[in-house]
Protein chains: 4
Amino acid sequence: MNSKIRTDLALEVRESFPEDDVEIKGVILTEDHDEKNNIKVSTVVIKDEKGAKAMQRPIGTYITIEAPDIDRADESYCKPVSEEISRQLKKLAGDLKREEILVVGLGNRDVTPDALGPQVVDNLFITRHLINEYGNEFQKKNHLGNVSAISPGVMAQTGMETVEIIKGIIKETKPKLLIVIDALASRSVSRVNTTIQLTDTGISPGSGVGNNRKAIDEASLGTKVIALGVPTVVDAATIVADALTGYMKNTGFGEEDIDKFITEIREQQIDNMFVTPKNIDESIKRISFTVSEALNSCFAQAM
Amino acid sequence: MNSKIRTDLALEVRESFPEDDVEIKGVILTEDHDEKNNIKVSTVVIKDEKGAKAMQRPIGTYITIEAPDIDRADESYCKPVSEEISRQLKKLAGDLKREEILVVGLGNRDVTPDALGPQVVDNLFITRHLINEYGNEFQKKNHLGNVSAISPGVMAQTGMETVEIIKGIIKETKPKLLIVIDALASRSVSRVNTTIQLTDTGISPGSGVGNNRKAIDEASLGTKVIALGVPTVVDAATIVADALTGYMKNTGFGEEDIDKFITEIREQQIDNMFVTPKNIDESIKRISFTVSEALNSCFAQAM
Amino acid sequence: MNSKIRTDLALEVRESFPEDDVEIKGVILTEDHDEKNNIKVSTVVIKDEKGAKAMQRPIGTYITIEAPDIDRADESYCKPVSEEISRQLKKLAGDLKREEILVVGLGNRDVTPDALGPQVVDNLFITRHLINEYGNEFQKKNHLGNVSAISPGVMAQTGMETVEIIKGIIKETKPKLLIVIDALASRSVSRVNTTIQLTDTGISPGSGVGNNRKAIDEASLGTKVIALGVPTVVDAATIVADALTGYMKNTGFGEEDIDKFITEIREQQIDNMFVTPKNIDESIKRISFTVSEALNSCFAQAM
Amino acid sequence: MNSKIRTDLALEVRESFPEDDVEIKGVILTEDHDEKNNIKVSTVVIKDEKGAKAMQRPIGTYITIEAPDIDRADESYCKPVSEEISRQLKKLAGDLKREEILVVGLGNRDVTPDALGPQVVDNLFITRHLINEYGNEFQKKNHLGNVSAISPGVMAQTGMETVEIIKGIIKETKPKLLIVIDALASRSVSRVNTTIQLTDTGISPGSGVGNNRKAIDEASLGTKVIALGVPTVVDAATIVADALTGYMKNTGFGEEDIDKFITEIREQQIDNMFVTPKNIDESIKRISFTVSEALNSCFAQAM
């Protein structure tokens, strides 16, 4: 893998290896396809340190749901995608009913492609305070989950590492599980706003676009963390590098030339920029609704 | 004081006593008037338990800045008000330069009169993360304060008591002082959006409009708390009761009739409603800007 | 009817007549009840000038849908309410499929109870530009309506009468029908956020809360106008007057005393204020979604 | 000029000619530099059809204010930039006091880099309705301009061409001058959020990023149009093409290869994407404030 290429999707890291390198030690890839709804589910399991090193990702499971039609389809398409998210989330996290769950919407509400997390949280059915007030009987009778949530904002807004904020809240409210929602960066334009990644390894906010924030994971928090992310941008330097790499390869440049070029790109101003589609407001609205529906249905108790 | 009347302003509690009851034991009232700018500053000091009981407020200092022209004046009027807030804040909290300060914007961003806290936080100059990254030399050279901030949202959005969230964050980030910004309820329509209350006793979110949330104060948090509040609404039942009380008194009703009527009002649906001016969006924008300017100037170091 | 009481609901005007005055000349009231879903539909038809004078409303049909559970029920309840709105809208406006329709979201996006119109427009499926670009075949194949929309903002934001803006747009884009969405003022707290009024007489923006804007109706625009409104506030002076009137009647005051009192209230500052529930953000979100679903289903062509 | 490169800045078109081509027939370039504030003003005048053809821009004056420090400086820097905008605007439009002016904020409020226009309009001091209500004496006494404004939204939100909306409004309200505010696309990353372009030729919304909307100019509207634009994005295909072009030139590729490559890039998905800085929310807030201050000071009458 070319370390200069930034992506938050484990699947894209896996794809960056040469095609004939089918088996990477310590990494298992399985795929599943719902052809009727055109939804593809890829599961990358990193089993050991060897795999972790090759993938530059922690040991754990990374599920990628690709629903290429979600960005152009009408609203009825949200339902099968939402159901697939629920199904995979349960696989990863177990039964979420009755569990005390804290959902954290990462990202900056005021930057459209980064507003995914806050917008998902806005649509959740929050119940922890009701159960605290009216008791377990009330919860049971109304088939409620036990859900709290927060959108803390980004470091430029708070002056605090997000992990500091979450760590403190967890100590006070003691949830059994943390679900962290974040906007990601993918390498491929076609995955933007059409892909959902679920992982049990937690998250490093902004890592995909070159902001190194402290990790939000079980090691740092002492609580199990599921991360749900959707790529909404491509790193600008990556898009340039990728476009060029393809062209340079076809026209006879060597790896060394390409590496040198990518390094140059990185040093320019575009290193602090991202690429996003012009209709990003509609996409974020649709996907955040789809994700929040998936979460709400996982949390509510069967009747 | 009639306990059925809700107000967050200590000054209005003080005013609710009969006029001839000039001296309430344990309570001192002093007044100051900047006639040029038509700004009045009233300071209520509750000195002991006797005063606290009479006032139904904790022991401490309550400064009320009344600037009746702020809601109709042009923008240049914001400056003297902002400077008066700075002056009184320093009186109450001491020098805020170099202190590590956490500002908390209470309230619901999506309900206009309750958005004061979040809007103040949006305009603050946040620096803690910069100092953590670039060090004290950088802070000194650029005359920066050390400021972090958060707008956690209200319990219906988070499922958590605000004090739980703040307590957790404080444990992790250890600020020396907490400044809590909140929209308040006043009894008098004329004080809405024209009055700023500063107190060193902390705050009970929503207490003025009948939501009893847990207190945010030094006792609950272990950190000194300054509360800055602006009345942006009047409790609907209070406005009805006040209108009626005046009329009933003039037309010969006794205290008992009035009490009975107020109790009836409280039992009706309007008990869960608030009264706010039609141009509340403009008022909140102007006042939150004024308050954030005051805070920013207090935090930045003299050059 | 007491002319000092402000309401935008024709039904409340009708109710303000003494109970034994069952038949008002020129006004017909019919009622229908969906008991399963607890939805009540009242239709007031003002047939002639006599009725118009008595009701202080233009000749036309006023349909009021009361769905008291919408504000407390879960989301599944939105569906029957949305279907009832569709049904009544078709009764009033005829088949809306293929019609060129302009939807106008009145109100101020930045004041929560006034944001209903803009929020409904935000959720509409806008198609006019697609049909202009891809043609009638495309429209037919995709079962699209022909929908354009705008949220022009209020006069304090634009400096223009809303009717000036709409009139101009209509001249250029020539829709066959105008649907105007607005937040209303009701007299009764219990109707706030639970009631939808549909009328073929158009609208006078702000008339229910005492702002007299120019009418938006077929006479002023030359195009048929359907107005859909939801009361989201009660005029503050009205709530005071109503509370008092009840009490004064029970305690032996005469009409004259009451009138005098109401006049006094009107002259005070509360005349420029409104009363709204504390959870207005959630209510507006739920109702605007319900209304936009109703409109979207009316506009789309049967398959 | 390479027609495949997209930019909204006339200055960048001028720069795209070879350096030795100092004199383009029919185009005059003059430059001015405020060294104290590091503000550069370049004026491109297209005098005749020959110049218009070479520049692919209509005949007229294009003033570009470059203030590279605005994006990193503290707030005090906004003032000289705001004053420079005022000065150049007066040069282009003449005295704006007492004129009836309609300001149009183009762009999509929900996509951060496109929200410049609506945010400028949000900060304007709107007066037309006050003058209509209180008369010319009131205007004179209070030194008011005569300002109306609207942010109509983009075609995906309204289903209407923006020029249709504006044309209609102009017919009804008859302003003497139209000022159109829009977010632009530049070719150079360094000009994003640091540059203001003023022109008396009007605007083609979205033309810089490849959306061809109908022109908003004196020819289409019958009213003089000043356009004020700030580049907030770079077209994604342009950034790739520019990065590559530089590299290819240095490594011996010919024009033909480069053209072929750029065409390929255009055909890919990135053609519908834009590039913008990660802190775009802060930049838009600061620049829209700066622009609105400039406009407000131009409109208000000298005292």
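The model shown is predicted, which means the values in this text are computed figures rather than measured ones. Every chain is numbered from 1, with letters handed out A, B, ... down the list of sequences.
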Practice task
Find out whether A:I165 and B:I150 are in side-chain contact, i.e. whether some heavy atom of one side chain is under 4.5 Å from a heavy atom of the other.
Solution key: yes
Exercise for the section: Look at atom CZ of B:F138 and say whether more than 12 heavy atoms of other residues, nucleotides or ligands are closer to it than 6.0 Å. Expected result: yes
Exercise for the section: Show the numbers, then the answer: is there a side-chain contact (heavy atoms from CB on, under 4.5 Å) between B:E172 and A:E161? Expected result: CA-CA 10 Å; B:E172 294 299 312; A:E161 292 279 352; over 6 Å; no
Practice task
State which residues pass side-chain contact (heavy atoms from CB on, under 4.5 Å) with A:P175; sequence neighbours excluded, sorted by chain then number.
Solution key: A:L102, A:I170, A:T173
Exercise for the section: Grab the two heavy atoms, one from A:S148 and one from B:M160, that are nearest each other, plus how far apart they are. Expected result: CB-CG, 3.8 Å
Practice task
State, to 0.1 Å, how close B:A156 and A:I126 come at their nearest heavy-atom pair, and which atoms those are.
Solution key: O-CB, 3.9 Å
Exercise for the section: Measure the CG-CE distance between A:L130 and B:M155 for me, rounded to the nearest 0.5 Å. Expected result: 8.0 Å
Problem - Residues in residues 219-231 of chain A near chain B [non-hydrogen atoms, under 4.5 Å] - result: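 Contacts with chain B: none.
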Handout entry: Segment of A:K167 engaging chain B (4.5 angstrom heavy-atom cut-off)
Key = both
Handout entry: Part of A:T127 lying under 4.5 Å from any heavy atom of chain B
Key =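 For A:T127, neither part sits under 4.5 Å from chain B.
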Problem - Contacts of A:E83 that satisfy salt bridge (Lys or Arg N to Asp or Glu O under 4.0 Å) - sequence neighbours left out - result: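 Per chain and number, A:E83 pairs via salt bridge (Lys or Arg N to Asp or Glu O under 4.0 Å) with A:K79.
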Practice task
Could you list the residues that satisfy salt bridge (Lys or Arg N to Asp or Glu O under 4.0 Å) with A:D110, not counting sequence neighbours?
Solution key: none
Handout entry: Carboxylate-amine/guanidinium contact B:E164 A:R128, below 4.0 Å
Key = yes
